[in-house]
Protein chains: 2
Amino acid sequence: MCGVSTQTVSRVINRRPDVSPSTRAAIEAAIAEVGFQPSAVARSLVHRRSQTLGVIAAGLRYFGVAQTLNGITVESEARGYGLLLKELANHDTVDIVPVIEFLIAHRVEGIIFAAPELGTNIATASLPPGSPPIVYLKSRPSPAFSTIVIDNYGGAQLATNHLLSLDRRRIGHLAGPLAWPEARDRHDGWRDSLRDAGLATGPVAAGDWSSASGEIAFDTMLREVPNLDGIFAGNDQMALGILHQAHERGIRIPDDIAIVGFDGMDEAAQFTPSLTTVVQPLNRLGRLAVSELLATADEDPATMPVRALTLETELVIRESAPAPAPRPAARTG
Amino acid sequence: MCGVSTQTVSRVINRRPDVSPSTRAAIEAAIAEVGFQPSAVARSLVHRRSQTLGVIAAGLRYFGVAQTLNGITVESEARGYGLLLKELANHDTVDIVPVIEFLIAHRVEGIIFAAPELGTNIATASLPPGSPPIVYLKSRPSPAFSTIVIDNYGGAQLATNHLLSLDRRRIGHLAGPLAWPEARDRHDGWRDSLRDAGLATGPVAAGDWSSASGEIAFDTMLREVPNLDGIFAGNDQMALGILHQAHERGIRIPDDIAIVGFDGMDEAAQFTPSLTTVVQPLNRLGRLAVSELLATADEDPATMPVRALTLETELVIRESAPAPAPRPAARTG
DNA sequence: TTGAAAGCGCTAACAT
DNA sequence: ATGTTAGCGCTTTCAA
C-alpha cells in the first residue's frame, strides 16, 4: 500500500474507531490525493446488498408515470438508495420476465413495478425465484402480491357524482386504453355511479391518453349521443382535447357540456376553461413505494405478508364543471 | 456442484462452444430448476464493466426532461445497458460531486448529465478522477467537455422572427428561470432577433416553467407594456398560462397578441387557440446521448476528444401565431 | 491498533 | 471437453 498498511484502509473508509489518528490521517490524505473511490460493486458482492432498487416503468412521457417516478427518486435519494431503471417498450407483448431477471442479476433489493400489466400478467405467473420484494403500483389490490394503488374507482365516482350533482343526466366517458387497469377502474366507477343513480349508461369512447385522441373520441361520442351534457375524461390530457374540440364547434363548456378530468396535472388550472379534475397523490405514491419496499427489505419475500395500500383522490372544482348552485339538495360528491 | 462440474457452468452460461452437449444439457436443466441467476455484480467486478450508465437529471416532472429520459431509456435498453438514475433535488445549491462519486463508485461506464448546471459548475471544476466519459445535455457547447445541446438560441430566433414576420413590433419574452442555460439562450435569441430587426428590446418577465407562473408573468408584462402585440414564451406550459389569462381578460389571440411557445409538447395542438411553438428533438437528444457515450466508452476519458453536437429545432405554426398573410416580403423564419 | 487469511460469485488463463 | 489456479476489490474473522 501507499502508506504502510493494506486494508486498514477499509477501516478508515468505514469510519471504524480502532485506527490511530496518525495512520488515519495519512490514509485519508492518500485517498484524497489519488481520488480513490471504493468500489460499490465489490462492496455489493461481499455484503449481498446493492443499495439499489429496481424500477420498471412504462410511459415515462405521460404525466402520471413521470410524476410517480419523481416521488420514487426523492424517497430513494433520501435513503441513500440508487435506482436501476427499466422502461418497457410500448408494444403490448413485452415479456417482463427478462426485465425482472435483469434486475435480479443486478441484485436490486426491491422492485417497483410501475407499468400497467398488459398481456403478460406476472401476477399469477410465478416470479422468478430469488426475486426481491416487489410492489405493484398500477394493479388492482390483490391477495397474491403487494400493491399500492390509487383509488381510481372511487375517484371516478367522485367525478361522476359531481356531474350528477350538476343535474347532468347524459354523461359519457372518455376512457384510456382499457388494457391499463386504471383505465378500466375509472370506467367502472363511472358506470356504477350512473347505475346507482338509476340512469342508463352513457356513451364510451377510448383514447390513448393523448389530447389528440381526446378530440377524436369526443367527435365519436357526440355522433352517438348529440345531446350529451357531461363527460368524465380518463385523464386531463384527453379532457384538454375535448375542451379544444368543443371550442371549435361552439359548444359551451360547462353550459352545454360539463367536463371532469382525472390526474390533477398543474396545467389543468390554466386550461380554458379551467378544468375540474380528480387529483391523484402521485408523488406520494412513489415515495410510499420506496418506503414500503425498504421496510420489508429484510424479510423473506416468499413468506412476506402481502400488503395493500390504497390512496384516495380528491376532486378539485374549477370552471369546466363548477360547484352546483346552492339548491336544497346540493352536494359536492 | 449439483451435477458434476464447477465452473463449466460459466462456459454454459456464456454460450462457449467447448462444452459437450450432454453436460451442457444437464447444467441447463439444473439452472432452470433452481432458477439460478448469474450475479451481474460479480461479473462487473471481474470485467470492470457494469453494463450500466449513470443519469443525472433534474425536474423529471417537466415535459422536456421526462421526454429526454424516455429517449435515454429506449436507446440504452436497445444496447443492453442498465440505467442508474439520480435526480437532483431542486434546491439550487446541490453539490453534484457526491452524486458523481456515487455513480463512479458503482462503476457506471458513462454519465449523462441532464440537469441544468445551477450554481456549482462542474464544467470548469475538476471532475473527480476515475470518472467515466460524461456528456452534458443542458449546457452550452464548451471546449472543456462533451455536449449535446439543442439550439435554443436558434430556436428562439425562429420564434421571434416569426412574430416579426407577422408585423409584430412590441414583442415581449416570458423567460424560464435564468439559472437554466436554456432559459438564458432562449432569452438571448429573442433579444438579438429584435436587435437585428432594429427594434427596442421588449419587456421580459421570468416564470418558473409552470403554467401558473405564466399567468402571473403575463400580468406583469402587460402592466409594463399595455400595447404588447407579441410574446415569445420560454416553454409551452407558460404559454398556456398566457393563453388562459388572455382569455380571462378578453384579449384576442392572435389578433391582439400573437404567442409562440417552446418545447413542442403534443398537447400544444389542443390548446385554445392551438399553439405555435418551437419543437425540440428531445427524444433524439436522449438517444444520441447514449450512443455518443457508448461510442467513446473504451477510450480514456482524460484524453478523449471533446465532442459537441447541436440539434436543430423546428417551428410548428398553429393558430396562436399563424402563417403571415401572403404579402410581398413574407417569410417564415 | 494493525496484519493475515479467507471468501463474496464470477471469469481468464492455463493445464489436463 | 473439463478441472485448477488465481484474482477482480472489498469485508469479516481471527491472530498478533
- For B:V19, which contact category applies under a 4.0 Å heavy-atom criterion: base, sugar-phosphate, or nothing?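 Contact class for B:V19: sugar-phosphate only.
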- For A:R24, answer base if it contacts any base atom (sugar-phosphate contacts may also be present), sugar-phosphate if it contacts only those atoms, and nothing otherwise; contact means non-hydrogen atoms under 4.0 Å.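 Since no nucleic acid heavy atom lies under 4.0 Å of A:R24, the category is nothing.
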- Item | Option passing side chain to side chain contact (heavy atoms under 4.5 Å, CB included) with A:N152 (candidates A:E182, A:R184, A:K138) |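 When A:E182, A:R184, A:K138 are each tested with A:N152, the side chain to side chain contact (heavy atoms under 4.5 Å, CB included) holds only for A:E182.
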- Item | Partner residues of B:E87 under the salt bridge (Lys or Arg N to Asp or Glu O under 4.0 Å) criterion, sequence neighbours left out |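 By the salt bridge (Lys or Arg N to Asp or Glu O under 4.0 Å) rule, B:E87 matches no residue at all.
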Given [options], which nucleotide is nearest the side-chain atoms of [X]?
X     : options                : value
A:N14 : C:dT11, D:dT11, C:dA12 : D:dT11
A:A42 : C:dC10, C:dG3, D:dC10  : D:dC10
A:S39 : D:dT11, D:dG9, C:dC8   : D:dG9
A:R43 : C:dA12, D:dC10, C:dG9  : D:dC10
A:L45 : D:dC8, C:dC8, D:dT11   : C:dC8

- Message: Is it the case that atom CZ in B:R307 sees more than 12 heavy atoms from other parts of the structure closer than 6.0 Å?
- Response: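 No.
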Just verifying a value: how many Å separate [X] [atom1] and [Y] [atom2], rounded to the nearest 0.5 Å?
X      : Y     : atom1 : atom2 : result
A:L85  : A:T52 : CG    : OG1   : 12.5 Å
B:E109 : B:S44 : CD    : OG    : 8.0 Å
A:R284 : A:T68 : CZ    : OG1   : 12.5 Å

- Message: Students often mix this up, so state it plainly: with edges at 30° and 60°, are the rings of A:W180 and A:Y62 parallel, tilted or perpendicular?
- Response: perpendicular
Output one line per pair: protein atom, nucleotide atom from nucleotides 14-16 of chain D, and distance, for all N/O pairs under 3.5 Å.
none

Rounded off to whole Å, could you give me the [atom1]-to-[atom2] distance for the [X] and [N] pair?
X      : N      : atom1 : atom2 : answer
A:I13  : D:dG9  : CD1   : P     : 13 Å
B:D18  : C:dA13 : CG    : P     : 13 Å
B:R107 : D:dC8  : CZ    : C1'   : 11 Å
A:H47  : C:dG7  : NE2   : P     : 17 Å
B:Q37  : C:dC8  : CD    : P     : 19 Å
B:R16  : D:dA1  : CZ    : C1'   : 13 Å
B:R49  : D:dG9  : CZ    : P     : 15 Å
A:H106 : C:dG9  : NE2   : P     : 17 Å

- Query: Under 3.5 Å, is there a donor-acceptor pair between the side chain of B:N235 and the main chain of B:D263?
  - Reply: no
Looking at [X], I'd like to know whether one of its side-chain N or O atoms comes within less than 4.0 Å of OP1 or OP2 on [N].
X     : N     : answer
B:T23 : D:dT2 : yes
A:S20 : C:dT2 : yes
B:T8  : D:dA1 : no
B:R48 : D:dG9 : yes

